[in-house]
Student: 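Below: one structure in structure tokens.
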There are 2 protein chains.
Amino acid sequence: MTAAPRSRRERPAKPALTREGIVAAAVAILRAEGLRKVTMRRLAQELDTGPASLYVYVRNTDELHAAVLDELLGTVGPAPAEGSWRERLERVLTRYTAMLLEHPSLARSALTARPSGPHYLRLIETLLGLLREGGIPRAQAAWGVDLLLQHATATAAEHAGEESPAAWEAVARALREAPAATHPHIAADAGALLSGTPEARLSWAFQTLIAGIERTAVPTEGQEAP
Amino acid sequence: MTAAPRSRRERPAKPALTREGIVAAAVAILRAEGLRKVTMRRLAQELDTGPASLYVYVRNTDELHAAVLDELLGTVGPAPAEGSWRERLERVLTRYTAMLLEHPSLARSALTARPSGPHYLRLIETLLGLLREGGIPRAQAAWGVDLLLQHATATAAEHAGEESPAAWEAVARALREAPAATHPHIAADAGALLSGTPEARLSWAFQTLIAGIERTAVPTEGQEAP
DNA sequence: ACCTGAACACCGTTCAAGT
DNA sequence: ACCTGAACACCGTTCAAGT
């Protein structure tokens, strides 16, 4: 087999650099090999240039990762139409968490470098709308959105580096073996501390957060006119 | 000035490697220069050996960071004696968060590689005891401890990389400038979304979590015999 | 103006070879 | 058994010099 020669016009060997092109290439590397490989050098190699060239379009590695996350947020989809506001809220949050769980290390960097792109704004708008639909006062709803998103993001981030579960096993063993003499509550409740599927815990956590948000007023300085 | 010669016996030039010595040196580097400098190579240099030697005592960099965190947890101190269980609970959590806020990047790695040392166990015992004192059922209290610690850790972790606040400013601007036509809730509540001191938000979050934990039963599979 | 080669200053981890 | 020199395979970021 011989490859047909291509005209220079039809397929330039090296497309011009753009921010979108860089982010798209980063997403491709993320999907294929994980965030650890989404480095400036690797990306430059993929785009057939030197790493220095990327700094014209991206401030640094953190900003690159935030742009990648906003891109993936676009795959979460709109709010469900059926069910009570509580059910819909929990479903949106669960879908967001599930997406992040596919790339836990991205969740980890999202905790530090929050995305601020259009997909992230849309998610905040949706969550805020559902809490207001539930009759939750503005100020509580606003702070509540932050709390809900932080829990989802942190839960996904905890799974980063899960390929070496040595740390988690160490905690479990320490809890099971804690002596009742010095740690009576742990000894009595070790089972409960370690129980529950990740799904059950996530669902309980969202219900817990929503119940708390409904009932806890923000301090006066934090309130807005209604 | 001439340095007095030291006897070889009095001050050996190179102390023997031990796990404790390695962790202590790591804590010293953390205090002086931050977690970014707590690397295997830097640590080896400080201990006058090659990086390969450290792998006899520490599995990898993550495990080293977890050991450092448990060490710092020892500086948090015991539960306060005065006040209602709610007040004492909030005070313990605030002190834990304040300690982590001195080393946000350590909080970030704690989210992934949980510590399992004696100081961490003590903290869990304290929190569990306070929730039980408040009459919260065992299973809820156990899952609640996790939720409270996760919030504290994640909140501190968010401040990692704060020296370059570009990302946070970008979110704030995006929220303030969101058009009412497409994002009515954000436009109406931008003030509330961005309001509140970090202290006020942290305190509200703990109260919210506690209120939720009090009222939300865990699913039956997660429950233990009382 | 835009782009980049080359350099600076580092990383984690492994392993063959030494004592 | 314990320890380590040297190597392997990478990093982020800057900047002088090119087009």
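Keep in mind that this is a model prediction, so the values were computed, not measured. Within every chain, numbering begins at 1; the chains are lettered A, B, ... in the order of the sequence lines, protein sequences first and strands thereafter.
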Student: Mark up nucleotides 14-19 of chain C, 5' to 3', with B wherever a protein heavy atom is under 4.0 angstrom from a base atom, S wherever such an atom reaches only the sugar-phosphate, and - elsewhere.
Tutor: BB----
Student: Considering non-hydrogen atoms only, spot the tightest contact between B:Ala26 and B:Leu43 and give its length.
Tutor: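 Heavy-atom minimum between the residues: N-CD1, 3.6 Å.
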Student: With a 4.5 Å heavy-atom cut-off, do B:Leu35 and B:Val38 have their side chains touching?
Tutor: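 They are in contact (side-chain heavy atoms under 4.5 Å apart), so the answer is yes.
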Student: If we call it a pair only when both distances are under 3.5 Å in a Watson-Crick or G-U wobble match, what pairs with C:dG12?
Tutor: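 Checking every strand shown, C:dG12 finds its partner in D:dC8, with both distances under 3.5 Å.
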Student: Give a yes or no on whether the backbone of A:His185 and the side-chain of B:Glu125 come within a donor-acceptor separation of less than 3.5 Å.
Tutor: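 Indeed, once roles are kept as given, a pair shorter than 3.5 Å links the two residues.
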Student: Are a donor atom and an acceptor atom from the side chains of B:His151 and B:Thr155 found within less than 3.5 Å of each other?
Tutor: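 Yes, B:Thr155 and B:His151 have a side-chain donor paired with an acceptor closer than 3.5 Å.
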Student: Using the C1' atom as the reference point in each nucleotide, state the distance between D:dC2 and C:dC15 in Å, no decimals.
Tutor: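 Taking atom C1' in both D:dC2 and C:dC15, they lie 15 Å apart.
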Student: Could you tell me how far apart B:Asp62 (CG) and C:dG12 (P) are, to the nearest whole angstrom?
Tutor: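 Value for this atom pair: 11 Å.
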Student: For the pair made of CG in B:Leu17 and C1' in D:dA1, what is the distance, rounded to whole Å?
Tutor: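 Rounded to whole Å, this separation is 15 Å.
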Student: Round to the nearest Å and state the distance from A:His65 atom NE2 to D:dG12 atom C1'.
Tutor: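 Rounded to the whole Å, the gap is 11 Å.
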Student: Hey, is the main chain of A:Ser195 close enough, under 3.5 Å, to the side chain of A:Arg201 for a donor-acceptor pair?
Tutor: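 The answer is yes, because a donor-acceptor pair under 3.5 Å joins these two groups.
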Student: For C:dA9 versus D:dC10, give the span between their P atoms, rounded off to a whole number of Å.
Tutor: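 These two P atoms come out 23 Å apart once rounded.
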Student: Show me the protein contacts with nucleotides 8-11 of chain D, counting only N or O atoms at under 3.5 Å.
Tutor:
unit_1: D:dC11; atom_1: OP1; unit_2: A:Thr39; atom_2: OG1; d: 3.1
unit_1: D:dC11; atom_1: N4; unit_2: A:Arg41; atom_2: NH1; d: 3.4

Student: Quick one: do A:Arg19 and A:Glu63 satisfy salt bridge (Lys or Arg N to Asp or Glu O under 4.0 Å)? Show the steps, please.
Tutor: CA-CA 12 Å; A:Arg19 196 178 206 271; A:Glu63 199 201 278; 2.4 Å; yes
Student: Can you tell me the pairing partner of D:dC2 across any strand shown, Watson-Crick or G-U wobble, with both distances under 3.5 angstrom?
Tutor: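 Paired with C:dG18.
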Student: Is the shortest heavy-atom distance from the side chain of B:Tyr96 to the side chain of B:Leu73 under 4.5 Å?
Tutor: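 Yes - at least one pair of side-chain heavy atoms lies under 4.5 Å apart.
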Student: Run A:Glu199 and A:Ser203 through side chain to side chain donor-acceptor pair (under 3.5 Å) and show every step you take.
Tutor: CA-CA 6 Å; A:Glu199 293 76 24; A:Ser203 173; over 6 Å; no
Student: Among C:dC3, D:dT13, D:dC3, which nucleotide has an atom closest to any side-chain atom of A:Tyr57?
Tutor: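 Nearest to the side-chain atoms of A:Tyr57, counting from C-beta on, is C:dC3.
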Student: Round to the nearest Å and state the distance from B:Leu43 atom CG to C:dG12 atom C1'.
Tutor: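 To the nearest whole Å, that distance equals 13 Å.
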Student: Please name the pair of heavy atoms, one in B:Asn60 and one in B:Val58, separated by the smallest distance, quoted to 0.1 Å.
Tutor: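 Distance-wise, the nearest heavy atoms are O-CG1, 3.2 Å.
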Student: In whole angstrom, give the distance that lies between atom CD of A:Gln45 and atom P of C:dA6.
Tutor: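 One finds 16 Å between P of C:dA6 and CD of A:Gln45, rounded.
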